[in-house]
Amino acid sequence: MTQPKPSPALVSAFAPSGTLRASINLGNPILANKDAATGEPVGVSTDLAREFARRLGVGIELVVFEKAAASVDAVKSEKADIGFFAIDPARSEGLLFTAPYVLIEGSYLVRGASELTDNAQVDRAGVRISVGAGSAYDLFLTREIKHAEIVRLQGAPAALAALRSGQVEVAAGIKQLLEAEAQREPGVRVLPGRFMVIQQAMGTPASRGAEAQGLLAAFVEEMKAGGFVADALARHRIEGAAVAPAA
């Protein structure tokens, strides 16, 4: 069911400048990438941003970042009006989230000769785990890991390079990204299964208020139920992600 056109006050709450500024994180290739021909950001999150701007009746400006933490900070500091983030308690201050629209698996990558064969074996003394600083994996593992050491680096490529160079024993990240790394060059493998499920949602600054959050939440539910998210995943040939169930 299509939502009614939002009131002028709600439109102004989301786009006070008359243009909706959407924070796009290129560090998560399941949600956004650069078009090889144009260099412009494309993907599920950009499609959702453009559709939400269309519903509001305003223009769109994509504010692009290479890392999740910078993308989150842009919305928290109101340098962007909406964003696309993994839901995490550590990010709740200053943000209002919707329910998730996509679920993504987080996995571990190890060197081929590693004695590690199961996710449960990773959290032990002497094991170093590389993560992109401020990523959903960093936040989750910071709470959950008790014995292994977390090595925080600037972005997923650095985390993967640390594994290949022997700086760490394990790299944590998006399962699809790790599988692509394992296929790119021999010498590494993905541990079976997953250590977490990442709930990707839309968010807006907390200052925009509960009514704005409600509108954004209703939009996400409509995009899931109507097939928009599923179609976007298929159109951008994304594997390793699933449409989240209805809230």
Side-chain angles (χ1 to χ4, degrees), residues 3 6 10 13-14 20-32 41 43-53 55-56 60 62-65 67-106 132 134-140 143 173-177 194 196-233 236 238 240-247:
Q3 300 296 314
L10 265 181
F14 274 109
L20 183 72
R21 300 167 301 169
S23 179
I24 303 296
N25 170 31
L26 295 179
N28 186 338
I30 284 182
L31 301 182
V44 179
S45 57
T46 61
D47 289 353
L48 284 167
R50 293 184 190 281
E51 178 62 15
F52 189 61
R55 298 291 183 94
L56 294 177
I60 182 78
L62 302 179
V63 187
V64 180
F65 298 94
K67 296 179 293 183
S71 182
V72 171
D73 287 343
V75 179
K76 283 189 174 183
S77 62
E78 303 203 42
K79 293 176 182 175
D81 305 304
I82 61 169
F84 301 83
F85 318 119
I87 297 173
D88 189 279
R91 292 176 175 166
S92 60
E93 185 178 351
L95 290 176
L96 296 174
F97 284 102
T98 68
Y101 60 92
V102 161
L103 303 178
I104 301 170
E105 293 182 325
S135 67
Y137 324 102
D138 179 10
L139 300 177
F140 178 85
R143 290 192 300 272
I174 298 169
K175 186 174 185 178
Q176 181 200 40
L177 191 65
R194 66 198 187 196
M196 71 179 293
V197 175
I198 301 144
Q199 298 181 311
Q200 290 288 341
M202 292 183 71
T204 193
S207 62
R208 306 301 167 90
E211 194 175 357
Q213 180 188 27
L215 178 66
L216 195 60
F219 169 76
V220 165
E221 293 308 305
E222 184 185 339
M223 294 300 97
K224 291 187 295 187
F228 186 99
V229 176
D231 290 346
L233 290 171
H236 296 292
I238 298 302
V243 179

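When all heavy atoms of Ile60 and Ala49 are compared, the pair lying nearest together is CD1-O, 3.7 Å. Here the shortest heavy-atom pairing between Phe65 and Ala70 reads CD2-CB, 3.7 Å. The two residues Gly132 and Ser135 come nearest to each other via the heavy atoms O-OG, 2.8 Å. Closest non-hydrogen pair, Ser77 versus Ala74, comes out as OG-O, 3.3 Å. Of all heavy-atom pairs spanning Ile238 and Ala241, the tightest one is CG2-CB, 4.2 Å.
You'll find the side chain of Leu26 reaches within 4.5 Å of the side chain of Val64, heavy atoms only. When side chains are defined from C-beta on, Ile174 counts as touching Asn28, because their heavy atoms get closer than 4.5 Å.
With values rounded to the nearest 0.5 angstrom, Lys67 atom NZ is found 10.5 Å from Asn25 atom CG. Put simply, CG on Asp231 and CG on Asp47 are 10.0 Å apart, with the number rounded to the nearest 0.5 Å. In this structure, CG on Leu48 lies 10.5 Å from CZ on Arg55, to the nearest 0.5 angstrom. One distance of note links CZ of Phe52 with CG of Leu216; it measures 5.0 Å at 0.5 Å rounding. Within the model, atoms OG of Ser23 and CZ of Phe85 stand 5.0 Å from one another, a figure rounded to the nearest 0.5 Å. For the atom pair CG (Leu56) and CZ (Phe219), the distance works out to 8.5 Å, reported to the nearest 0.5 Å.
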Expected list for residues 196-206: side-chain donor-acceptor pairs under 3.5 angstrom, two or more places apart:
| unit_1 | atom_1 | unit_2 | atom_2 | d |
| --- | --- | --- | --- | --- |
| Gln200 | OE1 | Ala86 | N | 3.4 |
| Thr204 | OG1 | Asp81 | O | 2.7 |

Please report, to 0.1 Å, the donor-acceptor pairs under 3.5 Å made by any side chain of residues 223-230, with sequence neighbours excluded.
| unit_1 | atom_1 | unit_2 | atom_2 | d |
| --- | --- | --- | --- | --- |
| Lys224 | NZ | Pro100 | O | 2.9 |
| Lys224 | NZ | Glu221 | OE1 | 3.4 |
| Lys224 | NZ | Glu221 | OE2 | 2.9 |
| Lys224 | NZ | Pro245 | O | 2.9 |

Pair Val44-Ile30, side chain to side chain contact (heavy atoms under 4.5 Å, CB included): steps then yes or no:
CA-CA 8 Å; Val44 179; Ile30 284 182; 6.0 Å; no
Test side chain to side chain contact (heavy atoms under 4.5 Å, CB included) on Val75 and Ile82; report intermediate values, then the result.
CA-CA 6 Å; Val75 179; Ile82 61 169; over 6 Å; no
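Side-chain atoms of Thr98 and Gln213 include no donor-acceptor pair closer than 3.5 Å.
Looking only at distances, no side-chain donor or acceptor of Ser71 sits under 3.5 Å from a matching main-chain atom of Ala68. At least one donor-acceptor pair closer than 3.5 Å links the side chain of Arg208 to the backbone N or O of Phe14. Side chain of Ser45 to main chain of Phe84: no donor-acceptor pair is present (N/O by atom type, distance under 3.5 Å, no hydrogens or angles).
The salt bridge (charged side-chain N to carboxylate O under 4.0 Å, His left out) analysis of residues 86-101, with sequence neighbours excluded, yields the pairs Asp88-Arg143.
Glu211 pairs by the side chain to side chain donor-acceptor pair (under 3.5 Å) definition with nothing, not counting sequence neighbours. Partners of Lys76 by side chain to side chain donor-acceptor pair (under 3.5 Å), not counting sequence neighbours: none found. Applying the side chain to side chain donor-acceptor pair (under 3.5 Å) criterion to Thr46, with sequence neighbours excluded, gives no partner residue.
Salt-bridge annotation for Arg21 and Glu78: absent, with no side-chain N of the basic residue lying under 4.0 Å from a carboxylate O of the acidic one.
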